[in-house]
Amino acid sequence: MTLNLIGLGLNEKSFSLESVSALKKCKKVYFENYTSVLNENLNYLEKLINKKIIEVDRNFVENYDVSEAGKNEIAFLIVGDVFSATTHISLFNDCKKKNIEVKIFNNASILTAVGITGLSLYNFGKVASIPFENKKIETPIKILKDNLKINAHTLFLLDLNPGENKYLSIKDAVEYLEKKGVKEKIIGCARLGSENFVVKYGDMKKIKN
């Protein structure tokens, strides 16, 4: 039996044929919905594999007992790529420790889709996340300054809580940067991977508005 860690990509139809074949064999299919948000719903995929997809939260994934995959074919659906978030490497490592087979199905993520801005992926430095509660948070600014020292771009990922329908807006993120004294030209990206994606470039005021 196997634990299948499947990257969905950035929309509900960007998964691979290989992953669909694996999903059809699974007894249970979990969808973790807290590390990122899917631009569409999963109805299309449910019909394609003829299975109910079970949405799970952070607590479920972080405390998941991989032994279930030692008895049945199990899948975790992950928005973007499997290893864009550290939670999933923990599942991978748990399987290795317990001699449970684990298969990885990689896919596109924001870390590659950001190339649509025209910036070379080779020129990005360390990635930073901006959380909701950020008044006393300095780590994103430190990462930005370190990247600037080596003339590298910085990708900021914005906090989200799909369970409560909360998403940190680009406006909120820009205001955070402004309060920390940042005055760089920036690019704002929304809904990358969907047909109605948006990419805007300019100074802080323009992007904020």
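FYI, side chains are in, hydrogens and waters are out, and symmetry mates aren't considered; it's all heavy atoms of this structure.
F124 and I141 sit in two unconnected hydrophobic clusters of ILVMFWY residues. Membership requires side-chain heavy atoms under 4.5 Å apart, directly or through other members. Hydrophobic clustering (side-chain heavy atoms under 4.5 Å, transitive across Ile, Leu, Val, Met, Phe, Trp, Tyr) groups I207 together with V182. Under a hydrophobic clustering in which Ile, Leu, Val, Met, Phe, Trp and Tyr are joined whenever their side-chain heavy atoms come within less than 4.5 Å, directly or via other members, Y201 and L144 fall into different clusters. Transitive grouping of hydrophobic side chains (ILVMFWY, heavy atoms separated by less than 4.5 Å) keeps I110 and I186 in distinct clusters. Tracing side-chain contacts under 4.5 Å through hydrophobic residues (I, L, V, M, F, W, Y), one never reaches I143 starting from V114; they form parts of separate clusters.
A donor-acceptor pair is defined here as one N or O able to donate and one able to accept, closer than 3.5 Å; such a pair exists between the side chain of T112 and the backbone of S109. Judged purely by atom type and a 3.5 angstrom limit, D81 has no side-chain atom pairing as donor or acceptor with the backbone of N106. Between the side chain of D159 and the backbone N or O of F132 there is at least one donor-acceptor pair closer than 3.5 Å. Of the possible polar contacts, one joining the D65 side chain to the S67 backbone as a donor-acceptor pair under 3.5 Å is found. No donor-acceptor pair closer than 3.5 Å links the side chain of K51 to the backbone N or O of K27. The backbone N or O of A173 lies less than 3.5 Å from no partner atom in the side chain of K208, so there is not a single donor-acceptor pair. A side-chain donor-acceptor contact under 3.5 Å links E46 to the backbone of I53. A donor-acceptor pair under 3.5 Å is formed between the side chain of N134 and the backbone N or O of P131. At least one donor-acceptor pair closer than 3.5 Å links the side chain of N107 to the backbone N or O of S14.
In the displayed structure, N151 atom CG is contacted under 6.0 Å by at most 12 heavy atoms of other residues, nucleotides or ligands. Around atom CZ of F60, more than 12 heavy atoms belonging to other residues, nucleotides or ligands sit under 6.0 Å away. Under a cut-off of 6.0 angstrom, the local environment of CD1 in I150 is crowded, with over 12 non-hydrogen atoms contributed by other residues, nucleotides or ligands.
In this structure, I187 CD1 and K200 NZ are separated by 12.5 Å, a value rounded to the nearest 0.5 Å. For the atom pair N11 CG and Y44 OH, the distance stands at 10.5 Å (nearest 0.5 Å). How far NZ of K52 is from CD1 of I49: 11.0 Å, rounded to the nearest 0.5 Å. The CG atom of L23 sits 11.0 Å away from the CD atom of E18 when rounded to the nearest 0.5 Å. D203 CG to K183 NZ: the interatomic distance, rounded to the nearest 0.5 Å, is 12.5 Å. Annotation: the span from N50 atom CG to K47 atom NZ amounts to 11.5 Å, rounded to 0.5 Å.
Put simply, the side chain of F15 reaches to within 4.5 Å of the side chain of V20, judged on heavy atoms. When side chains are defined from C-beta on, E138 counts as touching K180, because their heavy atoms get closer than 4.5 Å. T117 is not listed as a side-chain neighbour of H153, based on a closest heavy-atom distance of 4.5 Å or more. Side chains of L77 and V29 form a contact here, defined as non-hydrogen atoms less than 4.5 Å apart. Taking the side chain as every heavy atom from C-beta outward, K126 and D146 never approach each other to under 4.5 Å.
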Worksheet item: What do the steps show when you test T154 against E184 for side-chain contact (heavy atoms from CB on, under 4.5 Å), and what is the final call?
Response: CA-CA 11 Å; T154 302; E184 304 293 323; over 6 Å; no
Worksheet entry | Criterion side-chain contact (heavy atoms from CB on, under 4.5 Å) on L157 and V127, from CA distance to verdict | CA-CA 8 Å; L157 304 178; V127 178; 3.8 Å; yes
Item to complete: Could you give me the CA-CA distance, side-chain angles and deciding distance for F156 and I170, then say whether side-chain contact (heavy atoms from CB on, under 4.5 Å) is met?
Response: CA-CA 10 Å; F156 287 113; I170 290 176; over 6 Å; no
Worksheet item: Can R58 and E62 be said to form a salt bridge (Lys or Arg N to Asp or Glu O under 4.0 Å), step by step?
Response: CA-CA 6 Å; R58 179 188 294 272; E62 291 181 348; 3.4 Å; yes
Item to complete: Test R191 against V198 for side-chain contact (heavy atoms from CB on, under 4.5 Å), laying out the working first.
Response: CA-CA 7 Å; R191 299 181 299 281; V198 176; 3.2 Å; yes
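Each of D94, I74, V56, N59 was compared with Y64 under the side chain to side chain contact (heavy atoms under 4.5 Å, CB included) criterion, and only I74 meets it.
A salt bridge does not link K205 with E178: none of the charged nitrogens is closer than 4.0 Å to a carboxylate oxygen. A salt bridge does not link K179 to E175: none of the charged nitrogens lies less than 4.0 Å from a carboxylate oxygen.
Heavy atoms only, all atoms of each residue included: C26 and A75 are closest at SG-CB, 3.7 Å. Shown here for C95 and L3, the closest heavy-atom pair between the two residues is SG-CD2, 3.5 Å. Residues K25 and S21 share a closest heavy-atom pair of CG-O, 3.6 Å. Closest approach of G80 and L10 over heavy atoms only: CA-CD2, 4.4 Å. Minimum heavy-atom separation, L8 to L42: CD1-CD2, 4.0 Å. Minimum interatomic distance between I78 and V82 (heavy atoms only, all atoms of both residues): CD1-CG1, 4.1 Å.
The aromatic ring centroids of F83 and H88 lie 6.0 Å or more from each other.
Between the side chains of T2 and N4, no donor N or O sits under 3.5 Å from an acceptor N or O.
The aromatic rings of F76 and Y30 are tilted relative to each other, their planes meeting at an angle between 30° and 60°.
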